[in-house]
Amino acid sequence: MILSYIPIFFIDIFGSIFMIIFSFLCLLFAHELRIRDRNNVMNTYLLWVCYGLTGFAISRSVGHILKQILLMSEQPVLWSMIRPYSGAINSLMFVLVGSVTLFFERIWKVYQQISKDKKALQLAHEELIFLNQNLEQRVTERTEELALSEHKYRRIFEVSKDMILVTKKDGLIVDLNPAGRNILGYQDADSSLNGRRFQEFFTNQEHWNQILRTIEAQGSISNLEADLKHRDGTAIRSLISGSLDRGPLDEHDTIHFLVKDIGQKRLMEKQMAQAEKLASIGQLSAGIAHEINNPLGIILGYSQLLLRNEDNEEERQNDLRTIVKHARNCKLIVEDLLNFAREPEPKKSFIEIHGVIDEVLNFMQQHSDLDATQIISEFDHRLPPIELDEKQIKQVFINLIMNAQHAVGNNGTIKVTTKFNFTDNKLLINVIDTGYGIEKKNLSRIFDPFFTTKPTGKGTGLGLSVSYGIVKNHGGDILVESEPGKGSTFTVVLPVESASV
Amino acid sequence: MKPKIHIAGILLAVFYWVFIIPGQALATQGHGGIEGVYVHQFAHLFFIISMGSLIYWLREGGLVRGRGWKYIQYSAFFFVLWNLDTMMVHMLDDQFNIIQVESIGTLQIRINDVFNNDGLKIIYYFAKLDHLLCVPAIFFLYIGLKHLLKESGDDVTRQGPS
């Protein structure tokens with residue numbers, strides 16, 4: 001088949017020229033890319049591909065152009081000499097470009113990883129620079145925050161009214177707040193707590209063991225009631241909660257305790273119970289007294305009637321007198337009961353309390369066997385006249401002084417003092433005796449009606465009950481402190497109206 | 001200086017002995033004749049495989065989303081076609097001597113084939129126009145690089161002078 005050689009000739013010539021031109025342009029661009037970013041391995045790859053293709057383009061295209069020229073000029077021998085070189089270089093360039101390209105995937109992955117690491121490093125670098133630049137400010141801010149926080153919690157520790165205590169696991173006291181020192185009876189600056197252990201302050205060591213066992217098992221303990229020892233030896237009823245704070249090592253473990261002094265609360269609860277008991281007894285007594293009062297009146301009336309009509313027959317007259325006497329006694333007891341229970345409205349007037357007390361003391365000295373008893377009175381003369389029911393108050397003092405006289409017997413001291421407390425406008429009247437005191441078990445019962453430790457016939461057991469009722473009616477209170485063998489102190493607390501102040 | 005002159009002299013003598021006065025190589029295997037064509041064909045095959053793998057990894061790595069690498073992908077594709085074309089031409093004339101071409105005067109050629117098949121002659125004739133494939137291939141590479149360069153310039157502009 002005979003065909004035109006022109007298309008082959010021209011496409012070969014111009015194609016070769018284009019190949020050389022574009023291969024050089026590619027090489028130029030790849031070189032430029034490489035210059036712009038020498039660290040980019042992709043640019044290195046492209047540059048090597050372009051080197052290979054340019055080499056290929058030169059060898060092949062120059063070969064083709066020479067081929068056409070030599071064949072046209074009828075010099076096939078010369079072309080046959082050049083042809084193997086052109087072909088060999090072409091093969092070499094293919095292998096070069098192919099080899100570089102086959103590594104492309106690996107190069108690409110490496111490049112991706114490097115880029116990722118580079119970004120991460122850049123971010124870390126920027127963060128470091130930022131931190132470095134702001135470190136001082138951040139440290140200052142953190143320090144201020146820490147100082148504020150420390151101050152806040154230190155204040156809680158310092159001003160808490162409850163004991164806050166930090167100990168080691170073996171009970172060694174690490175830190176104790178001022179309230180805690182106060183509860184245990186120590187001064188703030190007192191160093192005698194150094195080296196002490198918390199268990200030393202327990203009256204019952206079993207409580208401490210129980211705390212340790214519970215904390216070991218559960219990590220904390222809540223509201224355990226236990227008695228702690230005050231410095232003066234008295235017991236402090238306390239409510240103890242604590243929790244374990246684990247440190248990095250066992251020896252760093254600490255226990256944080258919160259201890260509440262519930263002694264006052266318990267006392268108040270007792271007083272409340274006592275008041276409730278007395279109120280109940282009062283209601284009961286009032287009912288009984290009312291029922292007994294009428295028959296007693298009838299018995300007394302008829303006895304007196306019979307006595308009036310009785311002739312001078314001595315035996316019957318004596319019998320009737322005995323009936324009248326005991327009926328009157330019963331009536332007096334009933335009236336006392338009613339006084340205690342009915343809470344009659346006091347008939348108040350402004351009186352000088354010291355005058356009333358002196359009057360009672362004089363009366364008692366005249367009518368009782370107080371000659372051998374030393375009576376001391378110490379009055380606070382700043383006290384203004386106060387509004388009281390004089391008759392009822394006199395009865396209170398008579399009862400208290402009579403009890404004191406019974407307690408001291410023939411040889412002792414009774415001291416009556418008054419003190420006006422300006423801060424809460426209250427008058428405190430103490431009746432102090434050096435008698436045999438009241439046993440602890442009886443303290444809670446002394447205001448109960450008919451409770452008495454006196455021999456039969458010496459007292460009805462209504463004196464203190466009636467006094468309690470009277471003082472309560474005046475808005476006051478009666479407190480008692482007593483130690484067996486040393487004596488008792490009864491304190492009558494009476495409110496003083498602000499008008500009189 | 002003397003040792004350098006000696007070394008250069010030795011190298012020159014070796015070059016002269018190897019290339020200028022070739023004799024019969026009795027101790028080594030001969031590599032004349034058709035062996036060079038096979039090497040060239042294998043080089044084409046290697047080029048096809050490398051370009052194919054390039055296309056695969058460009059697509060796998062998502063690089064073809066950018067215009068620069070997309071054009072480089074086209075370039076690789078045209079290089080594959082060109083290699084197939086030239087391998088066929090080499091196979092027909094040099095490797096198996098199926099086609100013989102002779103010049104018959106000004107700008108005309110006669111194509112003969114062992115099968116006396118005109119279709120094969122026509123295919124061979126058009127296959128000889130291989131620049132129609134390799135020129136687009138290098139042109140796409142050129143455009144691709146140009147875009148990469150432009151994108152790189154944009155990046156540099158965005159980042160600002162360092």
Side-chain angles (χ1 to χ4, degrees), chain A residues 1-9 11-23 25-30 32-33 36-37 40 42-43 46 49-50 53-54 56-57 60-61 64 71-72 74 76 84 87-88 90-95 97-105 108-109 112, chain B residues 36-37 39-51 53-54 56-58 60-61 63 69 72 75-76 79 83 86 90 94 101 103-104 106-113 118 121-122 125-126 128-135 137-139 141-142 144-146 148-149 152-153 155-156:
Chain A
M1 181 181 275
I2 296 167
L3 290 164
S4 170
Y5 188 59
I6 293 169
I8 294 175
F9 177 79
I11 286 173
D12 233 18
I13 294 291
F14 288 109
S16 297
I17 292 167
F18 279 129
M19 280 300 284
I20 291 169
I21 292 168
F22 281 119
S23 67
L25 285 173
C26 286
L27 188 61
L28 194 72
F29 286 165
E32 181 64 25
L33 270 172
R36 283 193 186 174
D37 189 357
N40 191 337
M42 299 303 293
N43 293 345
L46 286 170
V49 166
C50 290
L53 288 175
T54 308
F56 159 71
R60 188 169 189 269
S61 301
H64 275 234
L71 288 179
M72 289 284 283
E74 294 182 346
N90 285 353
S91 304
L92 240 152
M93 292 302 124
F94 292 165
V95 172
V97 174
S99 303
V100 173
T101 304
L102 282 179
F103 280 106
F104 171 77
E105 183 255 344
W108 169 244
K109 282 193 173 165
Q112 290 281 81
Chain B
V37 178
V39 169
H40 192 74
Q41 289 286 68
F42 280 128
H44 273 297
L45 190 65
F46 186 55
F47 202 6
I48 288 169
I49 292 166
S50 68
M51 288 297 115
S53 72
L54 176 65
Y56 174 78
W57 289 118
L58 286 178
E60 181 77 8
L63 278 169
W69 287 104
I72 290 171
S75 163
F79 271 122
N83 273 288
T86 48
H90 290 317
D94 295 329
V101 182
S103 177
I104 50 163
T106 314
L107 299 174
Q108 279 200 319
I109 50 171
R110 177 184 286 127
I111 301 172
N112 296 317
D113 72 289
D118 287 346
K121 290 174 188 129
I122 295 292
Y125 180 79
F126 281 106
K128 283 291 278 181
L129 305 172
D130 62 290
H131 279 99
L132 293 176
L133 293 171
C134 70
V135 170
I138 199 131
F139 180 71
L141 180 63
Y142 160 76
L145 286 168
K146 196 174 175 181
L148 285 181
L149 198 62
S152 151
D155 283 350
V156 172

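Only a predicted model underlies this, so the values are computations on that prediction, with no experimental measurement involved. Order of the sequence lines sets the chain letters (A, B, ...), proteins ahead of strands, with each chain counted from 1.
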Aromatic plane relationship, A:H64 with B:H131 - under 30° parallel, 30 to 60° tilted, over 60° perpendicular:
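Perpendicular.
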
Contact part of A:L3 toward chain B, heavy-atom cut-off under 4.5 Å: side chain, backbone, both or neither?
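Backbone plus side chain of A:L3, per the 4.5 Å heavy-atom cut-off to chain B.
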
So which of [options] has the biggest tally of heavy-atom pairs under 4.5 Å with chain B?
options	answer
A:I8, A:V49, A:I6, A:N43	A:I8
A:L92, A:V100, A:L102	A:L102
A:L53, A:L28, A:N40	A:L53
A:P84, A:A88, A:S16	A:S16

Name the member of B:F46, B:F47, B:F126, B:F42 that forms the most heavy-atom pairs with chain A at distances under 4.5 Å.
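Most heavy-atom pairs under 4.5 Å with chain A: B:F46.
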
Relative to chain A, which of B:L148, B:I138, B:L132 shows the most heavy atom pairs under 4.5 Å?
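Highest number of heavy-atom pairs under 4.5 Å: B:I138.
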
Non-hydrogen atoms of chain A under 4.5 Å away: do they reach the side chain of B:D130, the backbone, both or neither?
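For B:D130, the contact with chain A is made by the side chain alone.
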
B:I72 versus chain A, the contacting section by heavy-atom distance below 4.5 Å
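Just its side chain gets close to chain A.
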
How close do B:V135 and A:G15 get, counting heavy atoms only, and between which atoms?
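Closest approach of B:V135 to A:G15: CG2-O, 3.6 Å.
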
Of the non-hydrogen atoms in B:A76 and B:L54, which two are nearest, and what is the gap between them?
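Closest approach of B:A76 to B:L54, heavy atoms only: CB-CD2, 4.0 Å.
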
Please name all residues satisfying ring-ring contact (aromatic ring centres under 6.0 Å, His included) with B:H40, sequence neighbours left out, ordered by chain then number.
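Applying ring-ring contact (aromatic ring centres under 6.0 Å, His included) to B:H40 gives A:F94, B:H44, B:H90.
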
So, do B:D118 and B:K121 sit near enough that their side-chain heavy atoms are less than 4.5 Å apart?
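Yes, close enough: below the 4.5 Å cut-off.
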
Hey, are the side chains of B:L141 and A:F22 touching, using non-hydrogen atoms and a 4.5 Å cut-off?
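Result no, sub-4.5 Å side-chain heavy-atom pair not found.
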
I'd like to know if the side chain of B:S75 reaches the main chain of B:A137, judged simply by a donor and an acceptor atom lying under 3.5 Å from each other, with no hydrogens or angles considered.
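The answer is yes, because a donor-acceptor pair under 3.5 Å joins these two groups.
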
